[in-house]
> 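My questions all concern the structure below.
Residue numbers begin at 1 in each chain, while the letters A, B, ... track the order of the sequences.
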Amino acid sequence: MASYDRIAKLSLDRGFYFPSSEIYSDSMAGFWEYGPNGNNLKNKFIELWRRELVRRDDMIEIDGSQIMSKNVFVASGHIDNFSDPVIVCSKCKSTLRADKFIFDKTRINVPEGASNNEVDEVLNQNNLKCPTCGSSFQPTERFNMMFKVGIGPRNEEAYLRPETCQAIFVDFKRIFKIMRGKLPFSIAQVGKSFRNEIAPRQSLLRLREFYQAEIEVFCNPNELDSLSKFDEIKDTILTINDGSEVFKLTAKEAIENKIIPNKLIAYYLSILNEFYEKTGIDMNQTRFRKLSDKEKAFYATIAFDFELKTSVGWLELVACNYRSNYDLDQHSKISKEKMEITDPVTNEKVLPHVFELSLGIDRSIYSVLESSFFDDHENDRVILKLKPYLAPILAGILPLVKKPELGDIAKNIYHDLKKDFDMYYDESGSIGRRYRRLEEIGVPFAITVDYDTLEDKTVTVRYRDTMQQKRIKMKDLKSFFVENKDP
RNA sequence: GCGACGAUCGUCCAGUUUGGUCUAGGACAUCAGAUUGCCAAUCUGGUAACCCGGGUUCAAAUCCCGGUCGUCGCACCA
């Protein structure tokens, strides 16, 4: 497996991703750009997600605002729960989470709603000093992970969303109505979220501005086990870590053994599993890890993290949270808007519960890159073994040598195909060098125009992974790519 | 955020110890031309860097201070 460093260098060299604003000396950590190849890969990853989750399950997709008003986050709980009491040493400026530090030293649980003064009092009463240098602390401050923004000339308080899903909750009633929804009803969204991380690190793995692909499944809490489509996935094999033991079993067995609490959750974990299988990551290195009460987000009652073992350890790719009716209830209370709907299936009036699949796109992109990276020592080359439907470019069109009689034909092929597929034309340098360049960004096919082409109108197709070649007729190229570009 | 270490062409490295000979050198990559009948070939030529700001000095890539970023450790990570 490739190391984090190899992927970082490849990404920098070949335009998958690189630091934002890098020509300025005041550029900030935690912001990265996708270059041309990374952007293509990301788009194709999202398209696969749409195919395997959104379209498969008849979900609908929306695109909400990135900036939302203060009350949205009062309701969601982020104003209170997303902010931590922080203490700073007056001398060495060490910064600590106050509640955690107090608990570690004294076993006293400072309640989440405690004021700064109350925190200071506990510190004083227990005579707690900086663990690094022994000095006292400055008064407790609040650190909120949300970016606050001022709107309009009066700088009205608003926030960059720390997760994309709030738009889905806020819009739920209208969407359910206009789409004539039936429960379970799933709404999906792809977009950016923003978190003011204290110490962003490791490029795409911890960003301050990042992409999420979120799915919120609205369901009737009394109907979680009456899901006919469960049969589609009952034999899907899942790896589940319940905190102490690791189980590898089918969705059906997971339900029977109560490792997964209901069929609805099992169904969505399974189609998520099948999606990731198609990205080419090694499923033997993945697991659904059931979170303990301590690890869960404040809104979750049941939570599984979908994780992949990478060169930098286990990486959380998707948070799967059963949020109960927490969000709709909160938005209903704060906005005074009724959120109950009548479940057209059972004719019951319910405030739907929500099961969420919150997928980190950037981490997934990194995972796909690391999983497909391959050092071919035998042939002295580096290959990204990306699936054709994820590769930034589907094929390179290459004249064998740089001669007009071959180049003109190759250019014509390129012009013929580029509207339908991501193609790349290259005539500079030796043919071997051009093959190597394509392999390194994961291009699965190379089409070479040679002197035989002039005689019989055939070209060679070279396969990236095996380096094998076969001849096909020029006029069959289009159907060849149609057959080979989809999952 | 704290601490340690680091930052020179796209990449890797030389030069910093001992300030001047550095209008900063090499390799790989890249671009142009030549050559080339299938796997990083060859030849010629070119593009291209001292992280940012301040200070010391006759003189700074080199010494000092601050900032930013990176790696690692601690802390943080809904």
> Could you check whether any side-chain N or O of A:Asn484 sits under 3.5 Å from a backbone N or O of A:Phe480, counting only pairs where one atom can act as donor and the other as acceptor?
yes

> What is the nucleic acid contact for A:Ala29, judged by heavy atoms within less than 4.0 Å: base, sugar-phosphate only, or nothing?
sugar-phosphate

> Would the number of heavy atoms belonging to other residues, nucleotides or ligands and lying under 6.0 Å from NZ of A:Lys387 be above 12?
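At most 12 heavy atoms, drawn from other residues, nucleotides or ligands, come within 6.0 Å of this atom.
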
> Taking pairing as Watson-Crick or G-U wobble with both contacts under 3.5 Å, can you name the mate of B:G70, or confirm there isn't one?
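In the structure as shown, B:G70 has B:C5 as its Watson-Crick or wobble partner.
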
> Can you tell me if A:Glu197 uses its side chain to pair, donor with acceptor, with the backbone of A:Leu207 under 3.5 Å?
no

> Would you mind pulling out the nucleotide paired to B:U35, Watson-Crick or G-U wobble, both distances under 3.5 Å?
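Matched B:U35 with nothing under the 3.5 Å cut-off.
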
> Is there a donor and acceptor pair closer than 3.5 Å between the side chain of A:Gln469 and the base of B:C38?
yes

> In this structure, how many angstroms lie between the P atom of B:U35 and the CG atom of A:Leu400, rounded?
15 Å

> With rounding to the closest Å, how many angstrom separate the P atoms on B:G67 and B:G3?
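Roughly 10 Å separates the two P atoms.
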
> Look at the side chain of A:Ser27 and decide which nucleotide, out of B:C52, B:U68, B:A75, has an atom nearest to it.
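Output: B:U68.
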
> Just wondering, more than 12 heavy atoms not from A:Lys473 lying within 6.0 Å of its NZ?
no

> Measure from NZ on A:Lys9 to C1' on B:G70 and round the result to the nearest Å.
16 Å

> Looking for any heavy atom pair under 4.0 Å, which part of the strands does A:Asp452 touch: base, sugar-phosphate only, or nothing?
base

> Considering every strand shown, what is the Watson-Crick or G-U wobble mate of B:G10 when both distances are under 3.5 Å?
B:C28

> A:Ser430 side chain N/O closer than 4.0 Å to the phosphate oxygens (OP1, OP2) of B:A41?
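Answer yes for this pair, as a side-chain N or O of A:Ser430 is under 4.0 Å from OP1 or OP2.
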
> Tell me the interatomic distance from A:Asp13, atom CG, to B:A48, atom P, rounded to whole angstroms.
20 Å

> If you define the side chain from C-beta out and look only at heavy atoms, does anything of A:Phe169 sit under 4.5 Å from A:Phe218?
yes

> Indicate yes or no: at least one non-hydrogen side-chain atom of A:Leu384 is less than 4.5 angstrom from one of A:Phe16.
yes

> Could you state the atom-to-atom distance from CD of A:Glu440 to P of B:U30 in whole Å?
10 Å

> Counting the atoms with a prime plus P, OP1 and OP2 as sugar-phosphate, which does A:Ile431 contact under 4.0 Å by heavy atoms, base, sugar-phosphate, or nothing?
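Touches sugar-phosphate only.
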
> Could you check whether the side chain of A:Ser428 and the base of B:C31 have a donor-acceptor pair of N or O atoms closer than 3.5 Å, going by distance alone?
no

> B:C77 P sits how many Å from A:Glu197 CD, rounded?
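Nearest whole value for this atom pair: 9 Å.
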
> Look at the side chain of A:Ser25 and decide which nucleotide, out of B:C52, B:C39, B:C72, has an atom nearest to it.
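The closest nucleotide is B:C52.
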
> So, does A:Arg434 use its side chain to make a donor-acceptor pair with the main chain of A:Gly429 at under 3.5 Å?
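Judged by distance alone, yes, a pair lies under 3.5 Å.
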
> Rounded to the Å, how far apart are A:Asp465 CG and B:C39 C1'?
15 Å

> I need the CG-C1' distance between A:Asp426 and B:C39, as an integer number of Å.
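Atom-to-atom, A:Asp426 to B:C39, this comes out as 14 Å.
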
> At less than 4.0 Å, is any side-chain N or O atom of A:Arg437 found next to OP1 or OP2 of B:U30? Yes or no.
yes

> Say you pick atom C1' in B:C63 and the same atom in B:C50; how far apart are they, in whole Å?
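Here B:C63 and B:C50 have their C1' atoms 15 Å from each other.
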
> Would you indicate what A:Asp380 reaches in the nucleic acid, counting non-hydrogen atoms under 4.0 angstrom: base, sugar-phosphate, or nothing?
base

> Give a yes or no on whether the backbone of A:Gly313 and the side-chain of A:Thr310 come within a donor-acceptor separation of less than 3.5 Å.
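Pair found, side chain donor or acceptor close to backbone of A:Gly313.
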
> Under 4.0 Å from OP1 or OP2 of B:G33: is there any side-chain N or O of A:Lys402 that close?
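It does, given that an N or O in the side chain of A:Lys402 lies less than 4.0 Å from OP1 or OP2 of B:G33.
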
> Test for a donor-acceptor pair under 3.5 Å between the base of B:C38 and the side chain of A:Arg462, counting only N and O atoms.
no

> Do any side-chain nitrogens or oxygens of A:Arg433 fall under 4.0 Å of OP1 or OP2 in B:C39?
no

> Now, which nucleotide makes the Watson-Crick or G-U wobble pair with B:A41, with each of the two distances under 3.5 Å?
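Base partner found: none.
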
> Tell me whether the side-chain N or O atoms of A:Tyr24 pair up with the base of B:C52 as donor and acceptor below 3.5 Å, since no angle test is needed here.
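Such a pair does not exist between side chain and base.
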
> Counting any heavy atom closer than 4.0 Å, what does A:Thr460 reach on the DNA or RNA strands: base, sugar-phosphate only, or nothing?
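Here A:Thr460 touches the bases of the nucleic acid.
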
> Is there a Watson-Crick or G-U wobble partner for B:G53 with both distances under 3.5 Å, and if so, which one is it?
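With both distances under 3.5 Å, B:G53 matches B:C65.
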
> Name the closest nucleotide to the A:Tyr451 side chain, picking from B:C72, B:G37, B:C76.
B:G37

> Send over the distance from A:Tyr17 OH to B:G70 P, rounded to a whole Å.
13 Å

> Please give the distance between the C1' atoms of B:C52 and B:C69 as a whole number of Å.
11 Å

> B:G19 and B:C58: how far apart are their P atoms, nearest whole angstrom?
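Looking at atom P only, B:G19 and B:C58 are 15 Å apart.
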
> Reckon A:Met145 touches a base, only the sugar-phosphate, or nothing at all at heavy-atom distances under 4.0 Å?
nothing

